[in-house]
Engineer: 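Take this structure, written in structure tokens, and hold onto it; I'll ask about it next.
Just so it is clear: chains get the letters A, B, ... in the order the sequence lines come, proteins before strands, and each one is counted from 1.
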Amino acid sequence: MEQILKHTWELSEADAINLQQELSLKVIKEDHFAEINYVAGVDVAYSKKDDKLIAAIVILNATSLTIVESVVVVDTAHFPYIPGLFSFRELPPILKAFNQLKTPPQLIVCDGQGVAHPRRFGLASHLGVLLDIPTIGCGKTRLVGEFQAPEQNRGAIAPLVDNGDIIGNVLRTQENIKPIFVSIGHRISLATACEWILKLSPKYRLPETTRQADQLVNRVLSQIQKNMKTEESGT
DNA sequence: GCGACAG
DNA sequence: ATCTTGTCGC
């Protein structure tokens with residue numbers, strides 16, 4: 001898959017913030033896409049013991065929600081976790097994984113925020129701008145913004161507001177279950193993003209894309225930890 | 001100064 | 001997010 005825009009990942013904290021402000025101008029907050037046949041789910045896990053990031057991409061058929069391809073990349077972490085600068089830690093391995101992908105998706109669902117971010121440029125927006133593909137930010141918890149709890153029924157939404165801007169929606173994907181935080185990543189409107197997340201979450205709290213990517217990433221993570229254990233006992 | 005803070 | 005511990009269910 002072709003990466004449209006590239007930049008260095010060796011940045012200071014201040015330079016990373018400047019880059020976010022510059023790139024945030026490129027985010028398109030409307031529906032800019034044609035037919036969506038394949039949807040990607042992206043997730044990253046972290047092994048603290050050997051300081052490795054494990055990035056997984058799962059491609060689903062957009063109608064049947066079955067897996068058509070998956071890729072895993074294990075990489076060294078080169079940037080610390082700083083709230084607001086999450087993408088500078090997790091995107092390098094994610095982009096490596098996209099390079100190995102054979103089935104290009106027309107929509108990417110990210111585990112992390114889109115424009116629901118202090119500088120309106122969370123991981124989902126960052127990935128969307130670099131690949132120029134529609135992305136949705138889908139977080140389990142909030143980074144910024146205030147909200148009221150949405151009604152208890154599936155599909156209920158409440159606006160996520162920061163500085164007077166509606167930066168996302170708090171969306172109930174399953175009745176009586178904690179809602180998730182949906183925001184524009186790139187090339188999609190908030191309303192369409194929520195429609196897709198509901199369509200992708202027929203059974204569980206999280207969309208099938210992130211669920212499958214999470215399962216894959218954790219399977220690889222536990223395999224790595226298992227291998228390290230047998231190496232210890234063999235030495 | 002203190003708390004809050006995607007994963 | 002991970003790690004550690006304990007508890008519960010299969």
Engineer: Using a heavy-atom cut-off of 4.0 Å across all strands, would you classify A/Gly139 as base, sugar-phosphate, or nothing?
Structural biologist: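 If one applies the 4.0 Å heavy-atom cut-off, A/Gly139 turns out to touch the sugar-phosphate alone, with no base involved.
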Engineer: When you measure from the side-chain N and O atoms of A/Arg142 to the phosphate of B/dA6, is any distance below 4.0 Å, counting only OP1 and OP2?
Structural biologist: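 Looking at the OP1 and OP2 atoms of B/dA6, neither is under 4.0 Å from any side-chain N or O of A/Arg142.
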Engineer: Which part of the nucleic acid does A/Ala45 contact within heavy-atom distance under 4.0 Å: base, sugar-phosphate only, or nothing?
Structural biologist: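 If one applies the 4.0 Å heavy-atom cut-off, A/Ala45 turns out to touch the sugar-phosphate alone, with no base involved.
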Engineer: Output the rounded distance in Å from CZ (A/Phe147) to C1' (B/dA6).
Structural biologist: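 So the CZ-C1' distance, A/Phe147 to B/dA6, works out to 13 Å.
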Engineer: Check whether any side-chain heavy atom of A/Ser87 sits under 4.5 Å from a side-chain heavy atom of A/Phe79, and report yes or no.
Structural biologist: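 A/Ser87 vs A/Phe79: side chains apart.
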Engineer: Round to a whole Å and report the spacing from CZ of A/Phe181 to P of B/dA6.
Structural biologist: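 Computing the A/Phe181:CZ to B/dA6:P distance gives 11 Å.
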Engineer: Could you tell me if the ring centre of A/His126 sits under 6.0 Å from that of A/Phe86?
Structural biologist: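 Ring-ring flag for A/His126/A/Phe86: false, centres at least 6.0 Å apart.
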Engineer: Starting from P on C/dA1, measure out to CG on A/Asp111 and report it in whole angstrom.
Structural biologist: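 For the pair A/Asp111 CG and C/dA1 P, the rounded distance is 7 Å.
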Engineer: Inspect the contact between A/Arg120 and A/Asp162 and indicate whether a charged nitrogen and a carboxylate oxygen are less than 4.0 angstrom apart.
Structural biologist: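 A salt bridge is present here (some side-chain N lies under 4.0 Å from a carboxylate O).
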Engineer: Looking at the side chain of A/Lys140, which of C/dC3, B/dG7, B/dA6 is the nearest nucleotide?
Structural biologist: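 Nearest to the side-chain atoms of A/Lys140, counting from C-beta on, is B/dG7.
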Engineer: Run the side chain to side chain contact (heavy atoms under 4.5 Å, CB included) check on A/Glu22 and A/Asn18 step by step: do they pass?
Structural biologist: CA-CA 6 Å; A/Glu22 183 189 323; A/Asn18 285 332; over 6 Å; no
Engineer: Give the nucleotide from the list C/dC3, C/dT2, B/dG7 with an atom nearest to the side chain of A/Lys49.
Structural biologist: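 Per side-chain heavy atoms of A/Lys49, the pick is C/dC3.
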Engineer: Determine the contact category for A/Leu85: base if any of its heavy atoms lies under 4.0 Å from a base atom, sugar-phosphate if only primed atoms, P, OP1 or OP2 are that close, otherwise nothing.
Structural biologist: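 The answer is base, as A/Leu85 lies within the cut-off (heavy atoms under 4.0 Å) of a base atom.
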Engineer: Counting the atoms with a prime plus P, OP1 and OP2 as sugar-phosphate, which does A/Gly137 contact under 4.0 Å by heavy atoms, base, sugar-phosphate, or nothing?
Structural biologist: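 Since no nucleic acid heavy atom lies under 4.0 Å of A/Gly137, the category is nothing.
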Engineer: Rounded to whole Å, how long is the line connecting atom CZ of A/Arg89 with atom P of B/dG7?
Structural biologist: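 So the CZ-P distance, A/Arg89 to B/dG7, works out to 14 Å.
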Engineer: If you compare every side-chain N and O of A/Ser47 against the phosphate oxygens of C/dT2 (OP1, OP2), does one of them come in below 4.0 Å?
Structural biologist: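 Looking at the OP1 and OP2 atoms of C/dT2, neither is under 4.0 Å from any side-chain N or O of A/Ser47.
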Engineer: Send over the distance from A/Tyr81 OH to B/dG7 P, rounded to a whole Å.
Structural biologist: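 Rounding to the nearest Å, OH of A/Tyr81 and P of B/dG7 are 7 Å apart.
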Engineer: Send over the distance from A/Phe86 CZ to B/dC5 P, rounded to a whole Å.
Structural biologist: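 Going from A/Phe86 (CZ) to B/dC5 (P), I get 15 Å.
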Engineer: To the nearest Å, how far apart are A/Asp162 CG and B/dA4 C1'?
Structural biologist: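 Distance check: A/Asp162 CG to B/dA4 C1' gives 13 Å.
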Engineer: Can you tell me the distance, in whole Å, between the CD atom of A/Glu146 and the C1' atom of B/dC5?
Structural biologist: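 Those two atoms, CD and C1', are 14 Å apart.
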Engineer: Would the A/Tyr81 and A/Tyr46 ring centres measure less than 6.0 Å apart?
Structural biologist: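 Here the rings of A/Tyr46 and A/Tyr81 have centres that are no less than 6.0 Å from each other.
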